[in-house]
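Everything below concerns the one structure shown next.
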Amino acid sequence: MIKMIELPYNLNALEPYYSKETLDIHYNVLYKGYVDNTNKVEKKLEIARQENNFEQIKCLERDLSFHGSGAILHQMFFENMGVPVPTSPSNKLMEQITKDFGSFDKFMNQFIEASKTVEASRLVFTCLGFKL
């Protein structure tokens, strides 16, 4: 049985990049659903093992994979996000960016345009404060 982690910050801590309402849905609805459904599937698998009845094993394993990975990925998200901290590249990194791209702005423009084609990236980069 897996358990929900405590959210390591208040629901409004990621604003303005990630709204309180959105975080509430991800934590209290989606994440909770993944955890609850993972536990339900694990219980069904336990019963299947006890009864030596594996007629539904393919479906149960698929459900476990789906719900379990949803729970794990949400937990990783919650643990790796936090209050926005302003940062800038080190001098060495800035020199390399300028050498490779011509300027930091040109690097950011290419990075943002490339990120738009990656599935779900718009949400992630918006959360990180990038203007897409």
Side-chain angles (χ1 to χ4, degrees):
M1 173 174 271
I2 63 172
K3 295 181 181 178
M4 289 179 63
I5 62 163
E6 292 290 323
L7 199 59
Y9 36 76
N10 292 328
L11 287 172
N12 65 348
L14 305 180
E15 290 183 341
Y17 306 108
Y18 209 76
S19 73
K20 175 183 178 180
E21 294 78 17
T22 301
L23 187 57
D24 183 44
I25 289 169
H26 274 273
Y27 182 75
N28 289 309
V29 177
L30 298 173
Y31 176 53
K32 182 180 184 322
Y34 285 131
V35 169
D36 290 348
N37 285 316
T38 297
N39 291 330
K40 288 177 187 175
V41 174
E42 285 183 340
K43 183 65 177 169
K44 289 178 183 179
L45 282 167
E46 181 182 332
I47 292 169
R49 285 189 297 272
Q50 290 170 353
E51 296 175 355
N52 201 32
N53 178 357
F54 297 103
E55 290 179 15
Q56 298 296 316
I57 193 67
K58 182 176 181 180
C59 180
L60 292 172
E61 291 289 341
R62 185 179 59 233
D63 287 351
L64 182 62
S65 175
F66 176 79
H67 295 296
S69 64
I72 291 167
L73 291 172
H74 272 82
Q75 182 174 329
M76 289 173 57
F77 173 82
F78 300 136
E79 292 174 339
N80 286 285
M81 294 298 286
V83 178
V85 177
T87 61
S88 59
S90 67
N91 289 338
K92 184 176 180 178
L93 178 57
M94 188 62 83
E95 288 173 13
Q96 190 65 49
I97 288 172
T98 303
K99 178 182 172 190
D100 292 341
F101 296 90
S103 72
F104 185 75
D105 286 339
K106 289 180 181 179
F107 161 74
M108 286 302 298
N109 288 338
Q110 181 176 334
F111 182 80
I112 288 168
E113 289 304 314
S115 71
K116 289 178 183 179
T117 63
V118 178
E119 186 177 334
S121 63
R122 181 174 292 272
L123 174 63
V124 172
F125 288 109
T126 301
C127 293
L128 295 173
F130 293 107
K131 305 287 187 243
L132 300 178

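When a residue number appears, it is its place in the shown sequence, counting from 1.
Across all non-hydrogen atoms, the minimal contact from Y31 to I5 is OH-N, 2.9 Å. Summarising the geometry of A71 relative to T38, their closest heavy-atom pair is CB-OG1, 4.5 Å, with the distance given to 0.1 Å. Taking both residues in full, the closest heavy atoms of S69 and S65 are given as OG-O, 2.8 Å, listed atom of the first, atom of the second, then distance. Across all non-hydrogen atoms, the minimal contact from E6 to Y27 is CA-OH, 3.7 Å.
For D24, there are no salt bridge (Lys or Arg N to Asp or Glu O under 4.0 Å) partners two or more places apart in sequence or in a different chain. Scored by the salt bridge (Lys or Arg N to Asp or Glu O under 4.0 Å) test, K43 finds E46 as partners (sequence neighbours excluded).
Between the NZ atom in K99 and the CE atom in M94 there is a gap of 16.0 Å [rounded to 0.5 Å]. Here the NE2 atom belonging to H26 is positioned 9.0 Å from the OG atom belonging to S19, to the nearest 0.5 angstrom. N28 CG to M4 CE: the interatomic distance, rounded to the nearest 0.5 Å, is 6.0 Å. D100 contributes atom CG, which lies 11.5 Å from atom CD of E95 (distance to the nearest 0.5 angstrom). Interatomic distance, L45 CG to E42 CD, rounded to the nearest 0.5 Å: 7.5 Å. Atom-to-atom distance recorded for H67:NE2 and I2:CD1 is 11.0 Å, nearest 0.5 angstrom.
Criterion: ILVMFWY side-chain heavy atoms under 4.5 Å apart, direct or through other members. Under it, L73 and F66 are not part of a common hydrophobic cluster. Under the 4.5 Å side-chain contact rule for hydrophobic residues, L64 and V35 do not share a cluster. Hydrophobic clustering (ILVMFWY, side-chain heavy atoms < 4.5 Å, transitive): V41 and I57 are in one cluster.
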request  = Apply the test ring pair (Phe, Tyr, Trp, His ring centres under 6.0 Å) to residues F77 and Y18: give CA-CA distance (whole Å), side-chain angles for both, the deciding distance (0.1 Å), then the verdict.
outcome  = CA-CA 12 Å; F77 173 82; Y18 209 76; 5.4 Å; yes
task = Please step through side chain to side chain contact (heavy atoms under 4.5 Å, CB included) for the pair Y9 and L14, ending with a clear verdict.
result = CA-CA 9 Å; Y9 36 76; L14 305 180; 4.1 Å; yes
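Counting non-hydrogen atoms of neighbouring residues, nucleotides and ligands closer than 6.0 angstrom, the CG atom of N91 reaches no more than 12 such neighbours. By the 6.0 Å contact criterion, CD on Q110 is open, its count of non-hydrogen atoms from other residues, nucleotides or ligands being 12 or less.
The side chain to side chain contact (heavy atoms under 4.5 Å, CB included) test with I72 is passed by exactly one of M76, Q75, H74: M76.
In this structure the side chain of L23 reaches within 4.5 angstrom of the side chain of F78, judged on heavy atoms.
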